[in-house]
Amino acid sequence: MNSLSIITPDDWHLHLRDTPYLEAVVADTARQFGRAIIMPNLNPPVRGCEDALAYRERIMAALPPGCDFEPLMTLYLTDNTRVEDIEAASASPFIHGAKLYPAGATTNSDFGVTDLSKLGRVFEAMQQHGFMLQLHGEATAPEVDVFDREKVFIEQSLERIRRDFPELRIVFEHITTRDAVDYVRAADTNLGATITPHHLLINRNAIFQGGIRPHYYCLPIAKREQHRLALVEAAVSGENRFFAGTDSAPHSVPAKESACGCAGIYSAHSALELYAEVFDLAGDFTHFESFMSRNGADFYGLPQNQGKTRLRREAWTLPASLPYPDVGLIPFRAGEKLHWKQVVDD
Ligand code: NCD
Ligand code: ZN
């Protein structure tokens, strides 16, 4: 097979940052995707509807002219999120969920939730309004091994949330383990999961290949090969609970290449092509369109995109670096070869 044509895909988990970084990255996503769920972890975070709508306006203003990309906004849950915030957000056509960062879990999570029991009324309101919960599923207690954080979160937190709020719609984001794949499969239809291109392509060895490789460091951290294989199997299976979410998370070169480097991998530059690489390596494109373009929209209760997006088999080399204010941005797989390329009509 040398060419593919699929319904225009969506990215169900994306970091766009804010001006002036936003302007440097948004066109990459808009070129490949019809819509994206926009993460609210700005500093300060996107906590209320007004913040989300103002951020949406900044994104719209940063888009290349004539482009019909649609940002799907989210709220950032804190210990102080009010039921009224949820009610207002769920009534907005622009806001599509609320994101739970356990405090301290990752970049800009300091405002995150310190104790799940504080969110009882908020979860109840979300459940009642069918408003999506997007979950960064990692336990944050310092004694938990970094490679076990997702598994421990399932046992200690996710299981409890689902027991107490059985009708709550949840996206378990950027899953990285066989445990998470098994858990999502065994759960009812209110639980879905996104999978990133990098967790489908690398295991934890990549972070330490011949030296420490900060551009392969993200959270949740990449796991062992057996976990990567479980993720590939889930993505390629076409099962409707698994869908694409890049977690593309740009950080400047100095912020990554530092004694205490930031977590985050920038994959938006060639996200669709990276996902195509995964399905190609697995030798099975049967469910590529479902994973990229159908399952997420169905899970979110949104219509599938109208347009089509094409790819062709073509070897090409990713740039070593991309423009980013002041410094530069290193994309995932910088300088390496990919074997599928998006066909962009003039
Ligand atoms: C994200 C970021 O940089 O905002 N980093 C990451 O490693 N994925 C935050 C997040 O989604 O955890
Ligand atoms: Zn993220």
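Both counts, for ligands and for their atoms, begin at 1 and track the order of listing. Owing to the predicted nature of the structure, the values given are computational and were not obtained by experimental measurement.
The closest donor-acceptor contact from the side chain of Glu167 to the backbone of Gln128 lies at 3.5 Å or more, if one exists at all.
Within a 6.0 Å sphere centred on CG of Asp284, other residues, nucleotides and ligands contribute more than 12 heavy atoms.
Under a hydrophobic clustering in which Ile, Leu, Val, Met, Phe, Trp and Tyr are joined whenever their side-chain heavy atoms come within less than 4.5 Å, directly or via other members, Leu168 and Leu135 fall into the same cluster.
Among heteroatoms of the N, O or S kind in His15, NE2 lies nearest the Zn ion (ligand 2). Distances from the Zn ion (ligand 2) to each N, O or S atom of Asp247 single out OD1 as the nearest.
Nearest non-hydrogen protein atom to atom 11 (O) of ligand 1 is His15 NE2, 3.1 Å. Atom 7 (O) of ligand 1 has as its closest protein heavy atom Leu219 N, 2.8 Å. The nearest protein atom to atom 5 (N) of ligand 1, hydrogens excluded, is given as Ala263 O, 3.1 Å; this is a heavy-atom distance. Here the protein heavy atom with the shortest distance to atom 10 (C) of ligand 1 is Thr106 OG1, 3.4 Å. Among protein heavy atoms, the minimum distance from atom 8 (N) of ligand 1 is reached at Asp247 OD2, 2.7 Å.
Residue contact annotation: His174 places no N/O/S atom under 2.8 Å from the Zn ion (ligand 2). When distances to the Zn ion (ligand 2) are checked against a cut-off of 2.8 Å, His13 contributes an N, O or S atom below that limit.
Aromatic pair Phe332/Tyr266: ring centres not closer than 6.0 Å. For Phe285 and Trp340, the ring centers sit closer than 6.0 Å to each other. Here the two rings, on Tyr275 and Phe291, have centers that are under 6.0 Å apart.
Side-chain contact between Thr194 and Asp11: absent, with no pair of heavy atoms (C-beta onward) separated by less than 4.5 Å. With contacts defined as side-chain heavy-atom distances shorter than 4.5 Å, the pair Asn190/Arg162 does not qualify.
Distances below 4.0 Å separate heavy atoms of Ala249 from the following atoms of ligand 1: 1 (C), 2 (C), 3 (O), 5 (N). Numbered from 1 in the order shown, with element, the atoms of ligand 1 that lie under 4.0 Å from a heavy atom of Gly264 read 5 (N), 6 (C), 7 (O).
Between Arg17 and ligand 1, at least one N/O pair is under 3.5 Å apart. Between Cys218 and ligand 1, not a single N/O pair is under 3.5 Å apart. Considering both main-chain and side-chain atoms, Tyr101 never comes within under 3.5 Å of ligand 1 through any nitrogen or oxygen pair.
Between Phe279 and Phe288, the two ring planes are perpendicular [angle over 60°; tilted spans 30° to 60°].
Side-chain atoms of His136 and Glu173 form no donor-acceptor pair, as typed in the model, at a separation below 3.5 Å.
Taking the charged nitrogens against the carboxylate oxygens, Glu225 and Arg228 do have a contact shorter than 4.0 Å, which makes a salt bridge.
In Ile265, neither the side chain nor the backbone holds a heavy atom less than 4.0 Å from any atom of ligand 1. At a heavy-atom cutoff of 4.0 Å, ligand 1 is contacted by the side chain of His136 but not by its backbone. If you look at His251 next to ligand 1, the close heavy atoms, those under 4.0 Å, all belong to the side chain.
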